[in-house]
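Just so you know, these numbers use all the heavy atoms, side chains as well, and skip hydrogens, waters and symmetry mates. We name chains A, B, ... by the order of the sequence lines, and we start the count at 1 in each one.
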Amino acid sequence: MTCERFLELLDGLDNEKPPAAMAAHVRSCPACARRAAALQSAVDLYRLPDIAGSSNMVPRVAAMLPFVSAPRRSVSMRNWLGAGFVLLVSMIMIPGLSAFMVIAPDLGADFMVPVSLVLGCLVTAYSGLFVVSHLDDFSRRLKAYQGRQAHKAA
Amino acid sequence: MNPIGPEAADEDIIARVLDGDTDAFSVLVRRYQRRVLRLGYGFLKDADAAEDFSQDVFVKAYVGLAGFQGRSSFSTWLTRIAYNAGINATRNAGRYEALDSDPVDTRSLSPEDEHIRAETAAALRRAMAALPEKYAVCLDLYFRDGMRYEDIGIATGFPVNTIKSHVFRAKRDLRKALCAEETRNDL
Ligand SMILES: [Zn+2]
């Protein structure tokens with residue numbers, strides 16, 4: 001590697017470790033080693049230190065947090081719809097499974113009742129979770145709707 | 001819950017906050033307040049305004065934390081919030097400007113180190129003056145915060161290649177300034 005090429009790579013380097021070829025040039029070329037070290041130490045001095053300066057934002061931010069709504073894990077609408085779709089497709093598919101077709105006529109109601117119960121529970125759980133987790137959203141939409149109606153009436 | 005250590009990973013802290021441990025958020029504030037404060041100074045050029053700005057940015061990040069998807073690092077995500085807040089705050093006012101002395105940086109350095117740092121600051125200021133104003137923030141994010149090109153691109157929305165070429169030129173100028181300094185000292 002020529003010195004010219006080395007310096008070009010040095011200037012183009014991201015905030016990352018230099019590649020092996022550059023390290024090799026530094027070992028064999030004292031001039032470039034000095035240039036690279038001078039640049040690095042200048043950048044290091046310029047870089048922000050890890051300790052905080054005169055202002056400490058921690059208490060100021062902490063004082064605000066009780067007054068804002070706390071973040072909550074949320075499942076995106078896409079994931080909700082995806083899960084609902086999978087549930088629907090599997091309910092449609094199950095009666096078509098060859099195992100189902102063999103077992104169902106043999107066992108009759110002894111088989112069909114528990115299967116229906118399980119599927120019913122799944123659908124209820126899904127719908128229940130969906131409604132509970134979207135209560136805020138529903139009430140917001142309802143309020144917005146009422147607002148629009150009131151606006152129209154006025 | 002056990003108190004969270006200062007060395008915990010950002011992702012673990014975020015999980016704790018989302019589980020309802022509001023105090024854990026303080027660790028993130030402590031970790032990134034310098035960057036956010038300095039962006040505030042750069043955009044607003046006023047110490048009190050920068051603190052109000054930082055408070056807003058952290059509260060905004062807290063409220064929107066569930067929307068952090070982990071596609072970038074938390075620091076990049078937070079920087080993006082701060083950058084957008086800065087742009088919004090200065091839409092009709094001044095642009096980003098790096099300061100001569102960093103009010104967030106209160107280290108005491110040896111005279112020689114202080115000289116090198118001043119020299120670096122001067123070279124970077126010249127580099128910033130040579131670019132379109134809106135890119136100055138990229139040099140600060142690269143040199144002050146040690147962010148990588150791609151993360152600066154995510155945070156600011158500028159194309160990575162543009163950022164890269166501006167940093168490249170700034171680094172070359174800085175290297176030449178340091179080299180000239182060295183030759184002067186040798187004479
Ligand atoms: Zn060389």
Shared hydrophobic cluster, A/Ile94 / A/Val113 (ILVMFWY, side-chain heavy atoms < 4.5 Å): no

Would one find more than 12 heavy atoms of other residues, nucleotides or ligands at under 6.0 Å from atom CD of A/Gln149? yes

The residue among B/Val29, B/Asp52, B/Val59 that forms side-chain contact (heavy atoms from CB on, under 4.5 Å) with A/Arg60 is B/Asp52

Which pair of heavy atoms, one from A/Asn15 and one from B/Gly146, lies closest together, and at what distance? ND2-C, 3.1 Å

Scored by heavy-atom pairs under 4.5 Å with chain A, the best of B/Phe168, B/Phe25, B/Phe58 is B/Phe168

Side chain, backbone, both or neither of B/Leu124 within contact of chain A (heavy atoms, under 4.5 Å): side chain

Common cluster, A/Val115/A/Val123, ILVMFWY with side-chain heavy-atom separation under 4.5 Å: yes

Kindly compute the distance separating CD (B/Glu112) from OG (A/Ser41), expressed to the nearest 0.5 Å. 9.0 Å

Turns out that what part of B/Leu178 lies under 4.5 Å from chain A's heavy atoms comes down to side chain

Per-residue contact mode, B/Ala118 against chain A (heavy atom under 4.5 angstrom): neither

A/Asp11 pairs by salt bridge (charged side-chain N to carboxylate O under 4.0 Å, His left out) with which of B/Lys171, B/Arg172, B/Lys176, B/Arg175? B/Arg175

Assigning hydrophobic clusters by single linkage (Ile, Leu, Val, Met, Phe, Trp, Tyr; side-chain heavy-atom cutoff under 4.5 Å), is A/Val131 placed with A/Leu87? yes

Quick check: do B/Val63 and A/Pro71 have side-chain heavy atoms less than 4.5 Å from each other? no

Just give me the residue among B/Met147, B/Glu150, B/Lys164, B/Arg169 that pairs up with chain A most often, heavy atom to heavy atom, under 4.5 Å. B/Met147

Indicate if B/Val36 and B/Ile154 have the same hydrophobic cluster label, given that clusters are the connected sets of ILVMFWY residues with side-chain heavy-atom separations under 4.5 angstrom. no

With a 4.5 Å cut-off on heavy-atom pairs, point out which of A/Val68, A/Asp14, A/Leu7 contacts chain B the most. A/Asp14

Side-chain contact, heavy-atom cut-off 4.5 Å: B/Gln33 with A/Asn56? yes

Are B/Arg144 and A/Tyr46 in a cation-pi contact, defined as NZ or CZ under 6.0 Å from the six-membered ring centre and within 45° of the axis? yes

What part of B/Tyr62 lies closer than 4.5 angstrom to a heavy atom of chain A: side chain, backbone, both or neither? both

Between A/Leu45 and B/Thr120, is any pair of side-chain heavy atoms under 4.5 Å apart? no

Single-linkage hydrophobic cluster A/Leu97~A/Met91, side-chain heavy atoms < 4.5 angstrom: yes

I'd like to know which of A/Glu16, A/Arg34, A/Met64, A/Met57 tops the heavy-atom pair count under 4.5 Å against chain B. A/Met57

Which heavy-atom pair separates A/Leu13 from B/Tyr149 by the least distance, and what is that distance? O-OH, 3.0 Å

